[in-house]
Amino acid sequence: MGAKRRLLALPGVSVILIFAVAPLFIMLYYSFQGDSQGAGLTLENYTRFFEKQFYLSLTWSTIKNSIFVTLVSLAVSYPLAYIMAKKLKGVRNIVLVLIIIPFFTNQLVRVYSWLIFLQDGGILENVLSALGIINGALGLLYTRAAVVIGLVHAFFPYMVITIYLALEKLDNALLEASASLGASKFETFRKITLPLSAPGVAAGLLLVFVPCLGTFVEPRILGGVNGMVIGTVIEDQFFRIYGWNFGAAVAFILLAMVIVSVSAFSRLGRGGSLE
Amino acid sequence: MNKSSFFSGGLVLLALLFLYAPIAVLIAMSFNASKYNRLPFEFSTRWYQDLFQNEALLAATWNSILIALATGIICVLLATLLVLGAQALSRKMQRALQSATLMTLTVPWLILGLSLLLMIRALDFSKNLFFLLAGHVVIALPYSVLALQARVQSLDPALEEASGSLGAGPLTTFRRVTLPTLAPAMVAGGFLSFMISFDNFVISYFLAPFGFTTLPIEIQSAIKFGFTPEINAVSTIIIGISLGCLAVAGLLLELGVSQPGKKNNRSQFLLDVSAPKQYNKT
């Protein structure tokens, strides 16, 4: 043990420092570079972002979109996790496995499967027409709704798992005690189940909200021209417009949003305890 | 069956339907003769035949497998050393290390990929396989680390000391005491890193050298330039491979290191494997 053993950590630490931390500093440097060569450090990339209405409203719509996806995921995940933890007995493990399996399917394969599912003349349109629910083209692909569907599908299983793990640990005796002391079902839920599952909920919110902020694949493929978000702006700057310095600045603004959300959510998670 | 459990069952089924409907359609369409994913369904294996003649797609698949294998092996080695070394660090250093590991999980891949691209530019290199692999290792490493971290805590230091005082050298101790305890987590961690790399599109998209493609990159360009049903076929094969790997890894764990008193290893493995994804809980 001791000094020699500590050295074992060195290769891993170096990889993180050289290939994750150092590049971020290089990116920070680029974000303060102007378009003219050798002009020294400048704030112009950041001022350009904050002065243009276009970028500000895009930022706002990215945040709104992520909040919406997160809330929809919560509405799906909480009841599902609750049922899995408290109601299902025999098939619980099977359901758990079925929820986890999509973690191991390719992101692009999943997005692509939504593309062929939602497209005009696709399966969903066929099914809905046969049921007489719609008449004519579905018109769902390349809308904001399609992006939301794709993102919820991609991320809600994470939230199910985090909430499930929190609820599974919850002692049934607590619930029984609460009921026998005369609390209504709703009161028990509000005063015991909900606060004790708060860390799982916070973890789940984080696991959905943060990846949503930074994604560009789902919005690009399922949203088409209606799918513009911060992520696609950054991608465009690097791959189409070659505005690398400006792209680096936008990437840092995105990173700041991520850091703020992570610290906010982890505070929320720590707050979970019984009064 | 009462009303409430009927409602519960229905909700679970609806959620699973939402989760699997598009994937099921994709698999069905890979066996459908229609070129544009249209009904009526007419069984055909044509797209699979086309696929095996599509040299570009096969080469991309091979590239993806090689990169993922290299990433998986490198990550397990680095992560094993990292968690063993971290044990000897002070509390404060351990916490700093933990934040650094979690940082690579929290920062969007888009940003990690682009910053590496800028680093290549700042160093005046052109894109190359070394940096592609480095990018994959950086994003996959935390998954191996988290899988191993849980396990290393169950390592009893007294056992290692006993082995040492009985005259075993550090290598023998590692091989006979430490390694057997860590082995299941190494399998789980390596598997996770392999899958993260194999499925990764973003990092490869930014860092792949000119003319080098991976499977996700091929799928993306097929989506961009019009649908080709071969993509349905290749996607179906990827889903099959992923599930196969998952089953093999689970089985290996069960056969190789079945621990007495710990039942239900397979579903435990699934939770172990998905646990690192709940990063901010640790």
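Proteins get letters first, then strands, A, B, ... in listed order; numbering begins at 1 in each.
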Inset, instruction - Check whether A:F156 gets within reach of chain B through its side chain, its backbone, both or neither, counting any heavy atom under 4.5 Å. - result: side chain
Legend entry - Between CD on residue B:E218 and CG on residue A:L108, distance to nearest 0.5 Å: 11.5 Å
Legend entry - Pick from B:I219, B:L84, B:L141 with the largest number of heavy-atom pairs that fall under 4.5 Å of chain A: B:L84
Legend entry - Check: B:Y20 side chain, A:L98 main-chain N or O, donor-acceptor pair, under 3.5 Å: yes
Inset, instruction - Heavy-atom distances under 4.5 Å only: say whether A:I149 touches chain B with side chain, backbone, both or neither. - result: both
Inset, instruction - Begin with the C-alpha distance, continue with both residues' side-chain angles, and end with the deciding distance and a verdict on side-chain contact (heavy atoms from CB on, under 4.5 Å) for A:Y112 and B:N232. - result: CA-CA 9 Å; A:Y112 174 67; B:N232 293 342; 2.9 Å; yes
Legend entry - Contact summary for A:A9 and B:L82, nearest pair of heavy atoms: O-CD1, 3.3 Å
Inset, instruction - Name the member of B:L118, B:L81, B:T80 that forms the most heavy-atom pairs with chain A at distances under 4.5 Å. - result: B:L118
Inset, instruction - Heavy-atom distances under 4.5 Å only: say whether A:I99 touches chain B with side chain, backbone, both or neither. - result: both
Legend entry - Test side-chain contact (heavy atoms from CB on, under 4.5 Å) applied to A:L254 and B:L110, step by step: CA-CA 10 Å; A:L254 173 62; B:L110 170 72; 4.1 Å; yes
Legend entry - chain A contact via B:M103 - side chain, backbone, both or neither, heavy atoms under 4.5 Å: side chain
Inset, instruction - For this output row, return yes or no: ring centroids of A:F239 and B:Y205 closer than 6.0 angstrom. - result: yes
Inset, instruction - Against chain A, label B:A86 side chain, backbone, both or neither, depending on which of its atoms sit under 4.5 Å from a heavy atom there. - result: backbone
Legend entry - Contacting moiety of B:P22, where chain A heavy atoms sit under 4.5 Å: both
Legend entry - Which portion of B:S8 sits near chain A, non-hydrogen atoms under 4.5 angstrom: both
Inset, instruction - Please determine, among A:V91, A:V76, A:L255, the option with the most heavy-atom pairs under 4.5 Å with chain B. - result: A:L255
Inset, instruction - Under 4.5 Å heavy-atom distance to chain A, tell me which part of B:V12 shows up: side chain, backbone, both or neither. - result: both
Inset, instruction - Report the distance from atom CH2 of A:W244 to atom CZ of B:R121, rounding to the nearest 0.5 Å. - result: 5.0 Å
Inset, instruction - Find the one option among B:V138, B:L97, B:V137, B:L243 whose heavy-atom pairs under 4.5 Å with chain A are most numerous. - result: B:V138
Legend entry - A:I18 versus chain B, the contacting section by heavy-atom distance below 4.5 Å: both
Legend entry - Parallel, tilted or perpendicular, as decided by the 30° and 60° cut-offs, for the rings of B:F18 and A:W114: tilted
Legend entry - Nearest heavy-atom neighbours spanning A:L80 and B:L11: CD1-O, 4.4 Å
Legend entry - Heavy-atom closest pair, residues A:P11 and B:L78: CB-CD2, 3.6 Å
Inset, instruction - Pick one of side chain, backbone, both or neither for B:L14, based on which atoms fall under 4.5 Å of a heavy atom in chain A. - result: neither
Legend entry - A:V13, part contacting chain B, at a heavy-atom distance under 4.5 Å: both
Legend entry - Interchain contact, A:F19 with chain B, by part (heavy-atom threshold 4.5 Å): both
Legend entry - Mutual orientation of the aromatic rings belonging to A:F216 and B:F206 [parallel < 30°, tilted 30-60°, perpendicular > 60°]: tilted
Inset, instruction - Give, as side chain, backbone, both or neither, the part of A:L8 having an atom under 4.5 angstrom from any heavy atom of chain B. - result: both
Inset, instruction - Under 4.5 Å, counting heavy-atom pairs only, tell me which of A:L28, A:L24, A:V217 racks up the most with chain B. - result: A:L24
Inset, instruction - Rounded to the nearest 0.5 Å, what's the gap from CD1 on A:I26 to CG on B:L117? Could you check? - result: 11.0 Å
Legend entry - CG on B:D199 to CZ on A:R110, rounded to 0.5 Å: 8.0 Å
Inset, instruction - Could you pull out the closest heavy-atom pair between A:I123 and B:M29, with the gap in Å? - result: CD1-CE, 3.2 Å
